[in-house]
Amino acid sequence: MDKIEYEGTVWAINHGLPQPLLDHCIKKLVDHGVKKEDIQITDAPSDVKVGTIVVDVYPYHIEVGKVRTTRNDSYISGSIMIIELKADPEGKYID
């Protein structure tokens with residue numbers, strides 16, 4: 001399993017997603033080497049710097065990106081990893 005190399009805060013971007021999905025996202029990030037206390041779930045990260053890890057959360061996968069450039073309060077990131085999220089037939093996240 002690939003480890004996510006990072007320093008400081010890892011921002012997980014939440015756009016109104018359900019708590020079980022966010023909990024599973026945190027579990028998967030921890031499985032990939034991120035400390036739980038370094039993960040911040042937010043809809044708009046603040047003070048993002050070049051090299052920061054940002055995670056876009058979707059219902060069936062999370063996309064891990066590294067910030068390449070910032071301008072004002074915006075950032076551009078490039079994808080470095082996609083982590084699949086699996087669910088059982090009832091929709092409960094597994095693995």
Side-chain angles (χ1 to χ4, degrees):
M1 182 177 304
D2 294 333
K3 296 292 182 190
I4 298 170
E5 294 183 27
Y6 74 98
E7 290 182 23
T9 302
V10 172
W11 297 99
I13 312 301
N14 173 23
H15 299 289
L17 298 166
Q19 193 60 47
L21 172 57
L22 298 174
D23 292 342
H24 192 62
C25 171
I26 291 169
K27 178 202 175 298
K28 296 305 283 182
L29 290 172
V30 169
D31 288 349
H32 283 82
V34 178
K35 294 179 184 174
K36 188 173 182 176
E37 59 269 16
D38 292 340
I39 302 168
Q40 291 290 320
I41 297 177
T42 182
D43 62 345
S46 60
D47 194 32
V48 176
K49 297 183 179 7
V50 172
T52 299
I53 299 295
V54 292
V55 179
D56 288 309
V57 183
Y58 300 100
Y60 300 105
H61 73 276
I62 55 178
E63 185 171 345
V64 180
K66 185 177 274 192
V67 174
R68 295 181 299 169
T69 187
T70 61
R71 185 175 306 143
N72 299 325
D73 290 332
S74 298
Y75 63 88
I76 297 172
S77 64
S79 179
I80 59 171
M81 179 186 303
I82 294 178
I83 302 170
E84 183 181 357
L85 303 177
K86 297 177 184 172
D88 64 16
E90 288 79 38
K92 181 179 176 184
Y93 289 99
I94 56 175
D95 78 305

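These values consider heavy atoms only, across backbone and side chains, with no hydrogens, waters or symmetry-generated copies. On a predicted model such as this, the values are computed, not experimentally measured, just so you know. Sequential numbering from 1 along the given sequence is applied to the chain's residues.
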(request) Determine, stepwise, if the pair I76 / V67 fulfils side chain to side chain contact (heavy atoms under 4.5 Å, CB included). (result) CA-CA 6 Å; I76 297 172; V67 174; over 6 Å; no
(request) Among Ile, Leu, Val, Met, Phe, Trp and Tyr joined by side-chain contacts under 4.5 Å, find the other residues sharing a cluster with V64 and list them by chain and number. (result)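 Listed partners: I4, Y6, V10, L17, L21, L22, I26, L29, V30, V34, I39, I41, I53, V55, V57, I62, I80, M81, I83, L85, Y93.
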(request) Measure the NE2-NZ distance between H32 and K3 for me, rounded to the nearest 0.5 Å. (result)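 Going from NE2 on H32 over to NZ on K3, the span is 8.0 Å.
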(request) Please list all pairs passing the salt bridge (Lys or Arg N to Asp or Glu O under 4.0 Å) test where one or both residues lie in residues 86-95, with sequence neighbours left out. (result)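 As it turns out, the salt bridge (Lys or Arg N to Asp or Glu O under 4.0 Å) pairs with a partner in residues 86-95, which skip direct neighbours, are K28-D95.
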(request) Please collect all salt bridge (Lys or Arg N to Asp or Glu O under 4.0 Å) contacts where either partner lies in residues 42-66, sequence neighbours excluded, each pair once. (result)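 Output for this query lists D47-K49.
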(request) Return the minimal non-hydrogen interatomic distance between S77 and G65, and the atom names on each side. (result)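 Heavy atoms of S77 and G65 come nearest at CB-C, 4.4 Å.
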(request) Taking all non-hydrogen atoms of both residues into account, name the closest pair between S46 and W11 and its distance. (result)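 Looking at all heavy atoms of both residues, the shortest contact is O-CZ2, 3.4 Å.
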(request) Taking only Lys NZ, Arg NE, NH1 and NH2, and the carboxylate oxygens of Asp or Glu, determine whether D31 and K27 approach each other closer than 4.0 Å. (result)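 Between K27 and D31 there is a salt bridge, with a charged N closer than 4.0 Å to a carboxylate O.
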(request) Could you tell me whether E37 atom CD has more than 12 heavy atoms of other residues or ligands within 6.0 Å of it? (result)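 Yes, enclosed.
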